[in-house]
Undergrad: 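Take a look at the following structure, please.
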Amino acid sequence: MPFPVIADTEAFTVLARIVDDLVTCGWSHQPDFLSPHLASGLAAECLTRLEHGQLAPAGVGRGAGQAVRNAVRGDHIQWLEAGQSSECDLYLRLMDELRQELNRALFLGLQEYETHFAFYPPGAFYQQHVDRFRDDDRRAVSIVVYLNQDWLPEYGGALRLHLEGEPARDILPIAGSLVVFLSAKMLHEVLPGTKDRLSLTGWFKCRSSYEISN
Ligand code: OGA
Ligand code: MN
């Protein structure tokens, strides 16, 4: 690797902590997951894509039923593909290491990863939701990585996790931090903020139970 990808010098430790958290509570927050270098490289890439008009208003739903609904979500997104930039390729490799570790430790059978850049302009939000589509059960684990340098609590824009039997938890979208949770269970929302908010949101997917039963 040309430069450190994970901020933690002991990559093993951070992956083990994520596994542990998922087993004990179904979610994990790692404040210093990406190295500052990779976080700022990815933020620059997201801003360049934004300036070139490559991010488009995100839709709600799937396939033919998809529609842009600002009262539900107001972010602009672009999906990542391998080979677009060295930063994105490093990030995809890092996510593949995490995928393999989750499979090794938890037998989750995660097969693929899909991820997009997301840009929330000031005032944009994403209403309470669960990350699984009604007609597609392949999204198993949700991953969000934040790319905002110097984000302050008064800017808002937190990810709010609605936990069962516990008070909700707010996580600020601070550069380099990572949130992982089980897609089928976690009710969550993005609160409006007062500054541009950049992130990478993605999902590890397993085989559909529809396919397995057929
Ligand atoms: C999503 C989402 C959370 C965030 O895109 O599905 O919940 O903090 N994002 O950006
Ligand atoms: Mn979500």
Side-chain angles (χ1 to χ4, degrees), residues 18 21-22 26-34 39 42-43 45-47 49-50 54-63 65-80 91 95 98 110 112-149 151-153 155-164 168-206:
I18 293 168
D21 288 348
L22 282 180
W27 65 284
S28 181
H29 174 216
Q30 301 298 329
D32 296 305
F33 183 74
L34 292 187
L42 289 167
E45 165 104 22
C46 184
L47 286 173
R49 290 174 181 226
L50 186 65
Q54 293 169 337
L55 273 65
V60 176
R62 210 173 76 86
Q66 203 183 50
V68 173
R69 288 169 61 197
N70 277 323
V72 177
R73 67 184 290 191
D75 56 332
H76 291 61
I77 67 167
Q78 191 189 28
W79 294 94
L80 259 73
Y91 181 72
M95 286 299 116
L98 176 57
L110 306 171
E112 294 173 31
Y113 178 60
E114 60 181 12
T115 188
H116 60 62
F117 280 111
F119 163 67
Y120 287 76
F125 56 87
Y126 195 154
Q127 271 191 353
Q128 270 189 44
H129 64 282
V130 174
D131 278 348
R132 231 178 219 194
F133 298 111
R134 236 164 300 168
D135 59 345
D136 182 345
D137 60 359
R138 287 176 300 165
R139 285 181 170 178
V141 179
S142 303
I143 314 279
V144 193
V145 166
Y146 299 106
L147 304 174
N148 310 292
Q149 303 292 336
W151 191 274
L152 299 174
Y155 298 165
L159 167 67
R160 177 166 289 171
L161 300 178
H162 295 276
L163 306 170
E164 273 173 43
R169 290 283 285 264
D170 285 356
I171 297 170
L172 291 174
I174 296 171
S177 60
L178 167 103
V179 178
V180 181
F181 53 85
L182 300 176
S183 309
K185 293 199 176 155
M186 182 66 74
L187 185 63
H188 60 284
E189 64 184 305
V190 178
L191 303 180
T194 57
K195 303 273 175 195
D196 291 352
R197 179 191 193 271
L198 309 177
S199 61
L200 276 162
T201 303
W203 298 271
F204 291 129
K205 295 163 76 171
C206 49

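This is a predicted model, so every value here is computed, not measured. In listed order, ligands and their atoms are each counted from 1. Only heavy atoms go into these numbers, but all of them, side chains included; no hydrogens, no water, no symmetry mates.
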Undergrad: Look at atom 3 (C) of ligand 1 and say which protein heavy atom is nearest, naming residue and atom and giving the distance to 0.1 Å.
TA: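 Checked against all protein heavy atoms, atom 3 (C) of ligand 1 sits closest to Val190 CG2, 3.5 Å.
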Undergrad: Consider side-chain hydrogen bond (donor to acceptor under 3.5 Å, both in side chains). Of His162, Gln127, Arg73, which one does Glu189 pass it with?
TA: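 Result for side-chain hydrogen bond (donor to acceptor under 3.5 Å, both in side chains) with Glu189: His162.
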Undergrad: Just one of His129, Arg169, Arg160, Gln128 clears the side-chain hydrogen bond (donor to acceptor under 3.5 Å, both in side chains) bar with His188, so which one?
TA: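 Exactly one option meets the side-chain hydrogen bond (donor to acceptor under 3.5 Å, both in side chains) with His188, and it is His129.
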Undergrad: For the 3.5 Å polar cut-off, considering only N or O atoms, please tell me whether Tyr146 and ligand 1 meet it.
TA: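 Yes, at least one N or O pair falls under 3.5 Å.
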Undergrad: Does ligand 1 have an atom under 4.0 Å from some heavy atom of His129?
TA: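 It does, in that a heavy atom of His129 comes within the 4.0 Å cut-off of ligand 1.
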Undergrad: Could you tell me, atom by atom, which parts of ligand 1 come under 4.0 Å of a heavy atom of Tyr126?
TA: 1 (C), 5 (O), 6 (O)
Undergrad: Would the distance check show the side chain of Asp75 and the main-chain N or O of Tyr120 forming a donor-acceptor pair, the cut-off being under 3.5 Å?
TA: no
Undergrad: Quick one: does Arg197 get an N or O within less than 3.5 Å of an N or O on ligand 1?
TA: yes
Undergrad: With heavy atoms only and a cut-off of under 4.0 Å, state how Asp131 meets ligand 1: side chain, backbone, both or neither.
TA: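 Under 4.0 Å from ligand 1, Asp131 contributes side-chain atoms alone.
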Undergrad: Please report, to 10°, the angle around the Mn ion (ligand 2) from atom OD1 (Asp131) across to atom NE2 (His129).
TA: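 Centred on the Mn ion (ligand 2), the OD1/NE2 angle is 90° (to 10°).
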Undergrad: Check whether any side-chain heavy atom of Val144 lies under 4.5 Å from a side-chain heavy atom of Leu178, and answer yes or no.
TA: no
Undergrad: Under 3.5 Å, is there a donor on one side chain and an acceptor on the other for Ser183 and Asp131?
TA: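 Checked: Ser183/Asp131 side chains show no N/O donor-acceptor pair below 3.5 Å.
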Undergrad: Check this for me - ligand 1, His188, N or O atoms closer than 3.5 angstrom, yes or no?
TA: yes
Undergrad: Does a side-chain N-to-carboxylate-O contact under 4.0 Å join Arg139 and Glu114?
TA: yes
Undergrad: Measure the shortest side-chain to side-chain distance between Tyr155 and Asn148 over non-hydrogen atoms and say whether it is less than 4.5 angstrom.
TA: no
Undergrad: Starting from atom 5 (O) of ligand 1, find the nearest protein heavy-atom neighbour and note its residue, name and distance.
TA: Thr201 CG2, 3.5 Å
